[in-house]
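The sequence lines fix the lettering, A, B, ..., with proteins before strands; numbering per chain opens at 1.
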Number of protein chains: 2
Amino acid sequence: MSVTVTRSAMSEYEKTCLIRGDGGRAIRGVLDRNGDKRTLLVVATLHGERMRFTELLHRIPGISQRMLTLTLRHLERDGLVGRTAYAEVPPRVEYELTPVGRTLIEPAVTLAEWAIEHNPDIERSHQAYDTRGG
Amino acid sequence: MSVTVTRSAMSEYEKTCLIRGDGGRAIRGVLDRNGDKRTLLVVATLHGERMRFTELLHRIPGISQRMLTLTLRHLERDGLVGRTAYAEVPPRVEYELTPVGRTLIEPAVTLAEWAIEHNPDIERSHQAYDTRGG
DNA sequence: CCGGATCCCCGTTGATACTG
DNA sequence: CAGTATCAACGGGGATCCGG
């Protein structure tokens with residue numbers, strides 16, 4: 001594709017245009033489809049390693065069994081996650097990132113880095129906001 | 001902060017650990033607070049430039065006035081967006097990215113690039129999924 | 001008139017129970 | 001174990017109302 005973007009060469013303006021243009025549509029599409037944050041969390045949790053349904057459930061705190069199922073279905077439909085069911089008793093189903101799915105790790109990391117780095121700022125801002133604002 | 005990560009030096013495993021560890025909590029916190037995709041979209045749309053409420057509303061297709069208001073409130077509380085109300089008739093309210101808010105553009109761009117680059121893959125995957133799967 | 005608060009309706013989510 | 005079914009609760013969208 002023609003989006004071989006040399007990030008460091010982009011101006012801030014070009015970046016934001018990218019997001020507001022096709023990137024915006026694409027982002028919206030992807031996030032709309034996937035259910036936003038769960039996608040990133042599932043993809044990150046799954047990383048290169050095959051994992052069973054229950055293990056995913058345990059490793060992603062706060063996700064409900066229902067939503068994990070739905071998210072995994074979406075990701076499967078998106079071609080980001082592969083699903084393998086074994087005809088055993090008790091049943092065993094394993095999920096794994098596809099090659100395309102693995103490429104999502106990079107953006108997820110970037111977001112994670114940002115979140116870690118700026119979390120203190122944000123919490124401080126909350127304190128200030130809640131104190132004065134009421 | 002100590003998270004000056006040289007991304008290229010991280011193994012895939014280290015990356016995913018980052019996400020699943022503090023990054024995961026931080027990401028979840030940030031996304032939970034902000035309302036996920038809208039945050040990225042608003043931040044990107046706002047970029048370095050002050051903008052009025054209505055203009056934001058027009059520039060972000062598909063967002064409701066209600067959700068834009070809420071998202072902006074969250075972003076303000078997070079300290080990512082500044083709000084200025086002018087005592088005029090008709091009223092005018094302008095929003096702008098704070099310095100911290102501006103740092104979110106980079107991760108947003110990374111996600112946008114990913115979305116643009118892999119959208120075709122995803123759409124193709126949908127076709128395949130929907131065709132065979134029913 | 002603009003920004004946004006409120007109200008109502010509906011889709012999505014979560015908790016729980018049940019099944020292959 | 002890995003889901004599906006069901007129902008209640010919550011959150012979002014849209015129309016409407018309102019303060020400045």
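- Following rounding to the nearest Å, A/Leu72 (CG) and D/dC1 (C1') show an atom-to-atom distance of 14 Å.
- Within the 4.0 angstrom heavy-atom criterion, only backbone atoms of the sugar-phosphate kind lie near B/Tyr95; the bases stay farther away.
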I would like to know whether B/Val42 and B/Tyr95 meet side chain to side chain contact (heavy atoms under 4.5 Å, CB included); could you show each step before the answer?
CA-CA 10 Å; B/Val42 168; B/Tyr95 294 92; over 6 Å; no
For side chain to side chain contact (heavy atoms under 4.5 Å, CB included), just list the numbers for A/His74 and A/Arg38, CA-CA rounded to whole Å, side-chain angles, deciding distance to a tenth of an Å, and then say yes or no.
CA-CA 11 Å; A/His74 285 304; A/Arg38 288 188 193 86; over 6 Å; no
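- Among the atoms of the strands shown, none is found under 4.0 Å from any heavy atom of B/Val89.
- Formation of a donor-acceptor pair under 3.5 Å by the A/Ser125 side chain with backbone atoms of B/Arg77 is found in this model.
- Each of B/Pro90 and A/Arg92 has a nearest nucleotide on DNA chain D; the 5'-most of these lies closest to A/Arg92.
- Spacing between atom CG of B/Leu70 and atom P of D/dC10 amounts to 17 Å, rounded to whole angstrom units.
- Among all heavy-atom pairs drawn from B/Leu46 and B/Met51, the shortest one is CD1-CB, 3.7 Å.
- When the P atom of D/dC1 is taken as reference, atom NE2 of A/His58 falls 8 Å away, rounded to whole Å.
- Within 6.0 Å of CD in B/Gln127 there are 12 or fewer heavy atoms belonging to other residues, nucleotides or ligands.
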Write out a two-atom table: protein N or O, nucleotide N or O from nucleotides 17-20 of chain C, distance below 3.5 Å.
none

Donor-acceptor pairs under 3.5 Å, side chain of residues 60-70 of chain B to any protein atom, not counting sequence neighbours: which ones?
residue, atom, partner, partner atom, Å
B/Ser64, OG, B/Met67, N, 3.1
B/Thr69, OG1, B/Gln65, O, 2.9

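- Here B/Arg66 does not reach the OP1 or OP2 of D/dC17: none of its side-chain N or O atoms lies under 4.0 Å away.
- Position along DNA chain C of the nearest nucleotide to B/Glu55 versus A/Gly62 favours B/Glu55 as the more 5'-ward residue.
- Distance, A/Met67 CE to C/dT12 P: 10 Å, rounded to whole Å.
- In this structure a side-chain-to-backbone donor-acceptor pair under 3.5 Å is present from A/Arg102 to A/Leu97.
- Regarding contacts with the backbone of D/dG11, every side-chain N or O of B/Arg38 stays at 4.0 angstrom or more from both OP1 and OP2.
- Following rounding to the nearest Å, A/Tyr86 (OH) and D/dG3 (C1') show an atom-to-atom distance of 17 Å.
- Nucleotide D/dC1 holds its P atom 11 Å from the CG atom of A/Leu57, rounded to whole Å.
- Not one side-chain nitrogen or oxygen of A/Arg52 sits closer than 4.0 Å to the OP1 or OP2 atom of D/dG3.
- Rounded to a whole Å, the CG atom of B/Leu68 is 13 Å from the P atom of D/dG12.
- A/Arg83 has its CZ atom 8 Å from the C1' atom of D/dG3, to the nearest Å.
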